[in-house]
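One structure is given below, encoded as structure tokens.
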Amino acid sequence: EGKSEEIINALINPNERLAREAKDDSNQSDSDSSRLTNEEIETLQNMELEGNVASIPQSIKDKAVRYAQEREEKGLMSE
């Protein structure tokens, strides 16, 4: 399951992938501190992310870090 999901994620549009992950995570995350707001999800969907990471709002970057830390603590990070 993990490998096929990884391949699918690599194939879909980065904006769509981030929006899907944010939507999925908002249903699964234990902590509100790592959930993206609807506005943040919309921002990501409407951005050209490729080569433009610097323009991602800091609040979204901070939540991504918190979410990664939560997953790492649960042993859910893939190598």
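Just so you know, these numbers use all the heavy atoms, side chains as well, and skip hydrogens, waters and symmetry mates.
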Practice task
Only counting residues at least two apart or in another chain, list the ones meeting side-chain hydrogen bond (donor to acceptor under 3.5 Å, both in side chains) with Q58.
Solution key: D62
Handout entry: Spacing of CG belonging to L44 relative to CD1 belonging to I60, to within rounding of 0.5 Å
Key = 4.0 Å
Exercise for the section: Could you pull out all residues at least two apart from N38 that satisfy side-chain hydrogen bond (donor to acceptor under 3.5 Å, both in side chains)? Expected result: none
Problem - Gap separating the CZ atom of R66 from the CD atom of Q69, nearest 0.5 angstrom - result: 8.5 Å
Practice task
Write down the atom of E40, the atom of K63, and the distance for their closest heavy-atom approach.
Solution key: OE1-NZ, 2.8 Å
